[in-house]
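Treat the numbers as computed from the prediction; the structure is a model and nothing was measured.
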Amino acid sequence: MQSISSYAVSTISDHALPQAIARDIDVLAEEAVEPSIFVEAWMLAPALEHLIAEDVVIALVRDGEGKLAGLFPFESRNRFSGLPMRAMSLVAHPHALLFTPLISKHRTDDVIGAFLDWVAAGSAPAGIVDLRNITVDGPFAQSLERALRGRRGWSRHVETRERALFKPRDNPEAGVSGKHRKELRRLERRLADSGKLTYRTFEAGEPVQPWIDQFLALEVRGWKGQEGGRAFDRDEGGRIFFDRIIHAGAARGRIQMFSMLLDDVPIAMKINFLLGDGGYAFKIAYDEEYAKYSPGVLLEVFFMTHIVEQCPAVAWVDSGARSDHPMINRLWTDRRSVGDHLLAHGNVLARLIVRHWWINRALRKYFQRG
């Protein structure tokens, strides 16, 4: 354990998160300066066990009384940008929409400073730190900016992108114009000509397993179930991860699930996770046999109406979608900025690569085309 001022930085490298650490993370999550649901223990533990193949280095920053004040979960790699240089990248997997580290709101600057000092002292497994897929304009990024401004020997590269955000209080109709809504009602009527069309929402206390089974079956029939797709049911690890987080989310009252049914058979399903006054649009799946009726869009509009009318506490929902997603960008017209902070300390070559990362990326693309 390395002491930094009144803080201590230690690491664990086990894919199985110890129960004592998980309890500490639960406490930290309650007082985090920036809530980060995919780093909470009930999400992180199954991801580490079933989705992460790389070596794990979880940095724990504790205050002078031993209380957990910061959590930085990393994957450790022996190569970076095709070169034999060690690097630490925030734990990430295809199902994580954001991975901002958990930091206590009471000691944000001190915790981030302790973490940077730990890396600079050579006590970390690597001097290259890839803080990928985090908020770039929130308290964490602001504190990181302040901490780096007063420290020598660091190089940094930041990339940002925007993705669709729904703000039901401020913009309840979002991008659903009257003309668009009329067209969607027409599609809904045509779909209803094929059978009994109904919508369902998951209710607290009802069995979770039928929702899990139906979603997995629906998802694997779509494009995500094809070769190279990201359907959970394509491998055992994905199935176990999905089963665990849905059960855990339901037990904590942190989940929303919606279903569109035709003759009582789901043809579209949607899953959200709730966090404070907001949420994340986690997954959606639909039966492509009915694609001409846009069941995914119809379910999204049903969800939007439900949030506006039934969930007054929800102020925002992050789509988690790519920046150029055509469907959600049209429906949700607000935006959220996310991105990557790439840092390097010590190694001159690593610092140069990070500082001029755009050149490195351009060269890699050029040679890949060749």
Quiz prompt | Arg254 and Ile37: CA distance, side-chain angles, deciding distance, side-chain contact (heavy atoms from CB on, under 4.5 Å) verdict | solution = CA-CA 10 Å; Arg254 305 281 293 277; Ile37 194 169; 3.7 Å; yes
Quiz prompt | Side-chain heavy-atom pair Pro73, Leu44 within 4.5 angstrom cut-off | solution = yes
Self-check item: Minimum side-chain heavy-atom gap Ser143-Asp109 below 4.5 Å
Solution: yes
Practice problem: Return yes if some donor-acceptor pair links the side-chain N/O of Arg132 with the main-chain N/O of Ser89 below 3.5 Å, else return no. | Solution: no
Exercise. For the residue pair Phe241 and His93, categorise the inter-ring angle as parallel (less than 30°), tilted (30 to 60°) or perpendicular (more than 60°).
Key: perpendicular
Quiz item: Salt-bridged, Arg107 to Glu31, with N to O below 4.0 Å?
Solution: yes
Quiz item: So, for Leu98 and Arg336, which heavy atoms are closest and what is the spacing to 0.1 Å?
Solution: CD2-NH2, 3.9 Å
Practice problem: Search all heavy atoms of Gly237 against all heavy atoms of His50 and return the closest pair with its distance. | Solution: O-CB, 3.5 Å
Quiz item: Is Arg239 salt-bridged to Glu236, going by a charged N under 4.0 Å from an acidic O?
Solution: no
Quiz prompt | Output field: ring centroids His95/Phe232 closer than 6.0 Å | solution = yes
Self-check item: Flag, side chain of Ser323 to backbone of Glu162, donor-acceptor distance under 3.5 Å
Solution: yes
Quiz item: Does one hydrophobic cluster hold both Leu102 and Val338, with members joined at side-chain heavy-atom distances below 4.5 Å?
Solution: yes
Quiz item: Is there a side-chain contact between Leu165 and Trp332 (heavy atoms, below 4.5 Å)?
Solution: no
Quiz item: Taking the six-membered ring for Trp, are Trp118 and Phe72 ring centroids under 6.0 Å apart?
Solution: no
Quiz item: Taking C-beta and beyond as the side chain, do Ile246 and Met257 meet within less than 4.5 Å on heavy atoms?
Solution: yes
Exercise. Name the orientation class of the two ring planes belonging to Trp211 and Phe202 (parallel below 30°, tilted from 30 to 60°, perpendicular beyond 60°).
Key: perpendicular
Quiz prompt | Gln142 (side chain) donor-acceptor with Asp137 (main chain) under 3.5 angstrom | solution = yes
Quiz item: Does Ile255 reach the side chain of Val208, with side-chain heavy atoms less than 4.5 Å apart?
Solution: no
Self-check item: Proximity of Tyr199 and His306 rings by center, below 6.0 Å
Solution: no
Quiz item: Between His345 and Gly153, which heavy-atom pair has the shortest distance, and what is it?
Solution: CD2-O, 3.1 Å
Quiz item: Is Asp263 reaching over with its side chain to a backbone N or O of Lys196, donor-acceptor style, under 3.5 angstrom?
Solution: yes
Exercise. For residues Pro94 and Lys283, report the shortest heavy-atom separation together with the two atoms involved.
Key: O-NZ, 4.1 Å
Quiz prompt | Check: Phe140 main-chain N/O paired with Glu34 side-chain donor or acceptor under 3.5 Å | solution = yes
Self-check item: Interatomic spacing from CD1 in Ile25 to CD in Glu30 - rounded to 0.5 Å
Solution: 13.0 Å
Quiz prompt | Validation row: Leu28, Asp24 side chains within 4.5 angstrom (heavy atoms) | solution = no
Exercise. Could you pull out the closest heavy-atom pair between Pro168 and Val308, with the gap in Å?
Key: CB-CG2, 3.9 Å
Quiz item: What's the spacing between Ser319 OG and Met327 CE if we round to 0.5 Å?
Solution: 9.5 Å
Quiz item: Just how far is it from atom CZ of Arg146 to atom CD1 of Ile112, taken to the nearest 0.5 Å?
Solution: 8.0 Å
Quiz item: At what distance, to the nearest 0.5 angstrom, does CG of Asp130 lie from CZ of Phe80?
Solution: 6.5 Å
Quiz item: Could you walk me through whether Ile58 and Ile21 pass the side-chain contact (heavy atoms from CB on, under 4.5 Å) check?
Solution: CA-CA 11 Å; Ile58 301 177; Ile21 299 296; 5.9 Å; no
Quiz item: Can you tell me if Gln256 uses its side chain to pair, donor with acceptor, with the backbone of Leu274 under 3.5 Å?
Solution: no
Quiz item: Between Tyr286 and Ile328, is there a shared hydrophobic cluster once you connect ILVMFWY residues whose side-chain heavy atoms come closer than 4.5 Å?
Solution: no
Quiz item: Does CZ belonging to Arg330 count more than 12 external heavy atoms closer than 6.0 Å?
Solution: no
Quiz item: Sub-3.5 Å donor-acceptor pair from the side chain of Ser123 to the main-chain atoms of Val119, do we have one?
Solution: no
Self-check item: Transitive ILVMFWY side-chain link Phe99 to Tyr280, under 4.5 Å
Solution: yes
Quiz item: So do the side chains of Asp287 and Arg221 get within less than 4.5 Å of each other, counting heavy atoms only?
Solution: yes
Practice problem: Give a yes or no on whether a salt bridge exists between Glu145 and Arg149, defined as a side-chain N under 4.0 angstrom from a carboxylate O. | Solution: yes
Quiz item: Rounded to the nearest 0.5 Å, how far does CG of Asp264 lie from CG of Leu197?
Solution: 11.0 Å
Quiz prompt | N-O pairing of Glu159 and Arg161 below 4.0 Å | solution = no
Quiz prompt | Sidechain N-carboxylate O distance under 4.0 Å for Glu40, Arg252 | solution = no
Quiz prompt | Shortest non-hydrogen contact from Val317 toward Ala281 | solution = CG1-N, 4.0 Å
Quiz item: With no hydrogens and no angle check, is any side-chain donor or acceptor of Thr100 less than 3.5 Å from a backbone partner on Thr135?
Solution: yes
Quiz item: Any chain of hydrophobic side-chain contacts (each under 4.5 Å) joining Ile271 to Met304?
Solution: no
Quiz item: Would you call the rings of Phe273 and Trp42 parallel, tilted or perpendicular if under 30° counts as parallel and over 60° as perpendicular?
Solution: perpendicular
Quiz item: How about Leu90 and Asn133: do any of their side-chain heavy atoms sit closer than 4.5 Å?
Solution: no
Exercise. Measure the spacing between CG of Asp233 and CD1 of Ile212 and express it to the nearest 0.5 Å.
Key: 11.5 Å
Exercise. Go through Arg186 and Glu183 one step at a time and tell me if the salt bridge (Lys or Arg N to Asp or Glu O under 4.0 Å) criterion holds.
Key: CA-CA 5 Å; Arg186 185 186 69 82; Glu183 170 62 15; 2.7 Å; yes
Quiz prompt | Check: His341 side chain, Ala141 main-chain N or O, donor-acceptor pair, under 3.5 Å | solution = no
Quiz item: Does Met260 share a hydrophobic cluster with Phe303, counting links as ILVMFWY side-chain heavy atoms below 4.5 Å and allowing steps through other members?
Solution: yes
Quiz prompt | side-chain contact (heavy atoms from CB on, under 4.5 Å) assessment of Leu275 paired with Asp318 | solution = CA-CA 11 Å; Leu275 178 66; Asp318 184 341; over 6 Å; no
Quiz item: Step by step, would you call Leu187 with Val297 a side-chain contact (heavy atoms from CB on, under 4.5 Å)?
Solution: CA-CA 10 Å; Leu187 291 174; Val297 179; over 6 Å; no
